[in-house]
Number of protein chains: 2
Amino acid sequence: MQIETQISRKDQIIQTASKLFRLKSYEAASMRDIASELGIEAASLYSHIKSKDEILEIICFRKAEEFLNAIAEVNDIYFDAEEKLRMAIKNHVRIIASDLDAATVFLREWRYLSSEKLKEFVSLRHKYENEYRIIIHQGENENVFDTVDVKFAVLTILSAVNWIVEWYNPKGSMVPDEIADNLTGFILTGLKKKTA
Amino acid sequence: MQIETQISRKDQIIQTASKLFRLKSYEAASMRDIASELGIEAASLYSHIKSKDEILEIICFRKAEEFLNAIAEVNDIYFDAEEKLRMAIKNHVRIIASDLDAATVFLREWRYLSSEKLKEFVSLRHKYENEYRIIIHQGENENVFDTVDVKFAVLTILSAVNWIVEWYNPKGSMVPDEIADNLTGFILTGLKKKTA
DNA sequence: CCTACCGATCGGTAGG
DNA sequence: CCTACCGATCGGTAGG
């Protein structure tokens with residue numbers, strides 16, 4: 001009956017790997033790099049994990065699950081499309097900001113997944129994208145969103161939202177919710193003057 | 001006095017490398033991979049190029065120059081901000097579509113540049129981003145663009161424009177100029193119904 | 001968790 | 001453009 005908030009060795013490995021995979025990429029970061037960061041030998045890592053592959057899988061699929069749970073919750077709680085979109089983006093930005101290392105690996109290094117896992121991963125991402133497509137469709141039906149190429153719109157929205165891993169600074173002036181609000185504003189009304 | 005349209009061995013190497021760097025990433029694609037694609041031995045590559053690094057540098061800096069030339073031309077030819085933005089995006093998409101392999105490497109693999117070259121590369125990208133910032137500012141002054149966080153707006157615009165390397169299909173139904181028009185529409189007026 | 005090690009593969013060079 | 005090769009490093013295993 002441990003009440004300690006100790007983080008398991010396995011999770012320490014995953015956390016360290018996230019940091020190094022983000023910094024140097026999955027291929028360039030070696031098991032020796034990860035081990036030395038933890039003050040142990042590379043061979044010792046294998047008492048906790050099966051392979052380098054496995055680490056990447058855990059990082060990518062954990063994040064995928066987080067994103068999918070968040071969008072499911074939004075669809076449960078909110079009713080109108082604009083609010084759904086607003087909250088989906090807010091959650092998305094929060095998840096990225098809560099663990100920037102893992103989120104960056106999820107977004108940037110997933111290509112290195114082994115081919116079976118890669119297929120599964122891609123299908124989870126499609127599932128996530130599809131949730132956004134449904135929201136946009138709903139907005140069109142509610143007559144609050146313009147009729148657009150929905151696939152195209154979702155790609156554009158997610159690209160902007162995911163791009164924040166490239167510039168987000170936890171010590172910067174914008175907190176995650178502000179970033180989300182700014183993004184949503186941009187997505188909803190664009191750059192052009194409304195009262196021109 | 002050769003009139004042949006032959007492509008030099010060096011350029012063949014660069015083209016093949018672009019393809020493989022995009023497909024497998026810079027680190028994972030080996031010199032032996034590139035050589036075998038060309039039907040020669042890995043050692044033979046070094047008669048035409050100095051190092052693997054050099055290939056990446058050539059790809060990244062060639063593209064950087066293309067992008068910078070294009071935006072300079074836009075600023076020379078057009079006057080009002082909206083038209084400048086429209087044409088800048090059109091050129092950007094055209095450059096990406098004209099050589100998807102090289103563009104993808106430019107956008108995805110530049111992190112592997114050696115540290116001196118990386119610094120130079122990042123400064124070229126900042127220069128490019130700055131040209132967009134100037135256009136947005138001009139639009140604010142002309143009272144056609146809303147006042148926004150300019151840095152944020154440029155990041156969002158470029159993320160959407162660059163994301164096309166992830167889904168653009170040369171054999172797909174949308175030609176580059178259509179993609180550019182769609183993107184520009186989205187960026188200018190957003191998702192929300194105007195006549196609600 | 002360590003020592004000791006393996007086979008494979010890497011970028012690159014020498015010398016022709 | 002090739003053969004022959006180098007030192008370095010990789011992910012991972014055996015055995016304790």
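Here is how names work: the chains are called A, B, and so on, in the same order as the sequence lines, proteins then strands, and each is numbered from 1. Every heavy atom of this structure was used, including side-chain atoms; hydrogens, water molecules and symmetry mates were not.
By the 6.0 Å contact criterion, CD on A:E65 is open, its count of non-hydrogen atoms from other residues, nucleotides or ligands being 12 or less.
Nucleic acid contact class of A:A28 (heavy atoms, under 4.0 Å, all strands): none. B:S30 comes within 4.0 angstrom of sugar-phosphate atoms only, judged by non-hydrogen atoms across all strands, and of no base. Contact annotation for A:A35: no contact, since no heavy-atom pair falls under 4.0 Å across all strands.
No salt bridge links A:D101 with A:K19; every basic N to acidic carboxylate O contact stays at or beyond 4.0 Å. Between A:K90 and A:D181 a salt bridge is recorded (basic side-chain N to carboxylate O distance below 4.0 Å). With respect to A:D177 and A:R94, a salt bridge is recorded, a charged nitrogen being found less than 4.0 Å from a carboxylate O.
Along DNA chain C, the nucleotide closest to A:R32 and the one closest to A:H48 are compared, and the more 5′ of them pairs with A:H48.
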Nucleotide-level pairing of DNA chain D, given in dot-bracket where Watson-Crick and G-U pairs need both distances under 3.5 Å and | marks other strands: ||||||||||||||||
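The side-chain tip of B:K84 does not point at the ring of B:F79 from less than 6.0 angstrom away and within 45° of straight on.
A donor-acceptor pair shorter than 3.5 Å cannot be found between the side chains of B:Y132 and B:H137.
Annotation for B:V175: hydrophobic cluster partners, listed by chain and number, are none (ILVMFWY side-chain heavy atoms under 4.5 Å, direct or chained).
Chain A approaches DNA chain D over the interval D:dC10 to D:dT13, counting the first and last nucleotide 5' to 3' with an atom under 4.0 Å from its heavy atoms.
B:F106 has its ring centre less than 6.0 Å from the ring centre of B:F67.
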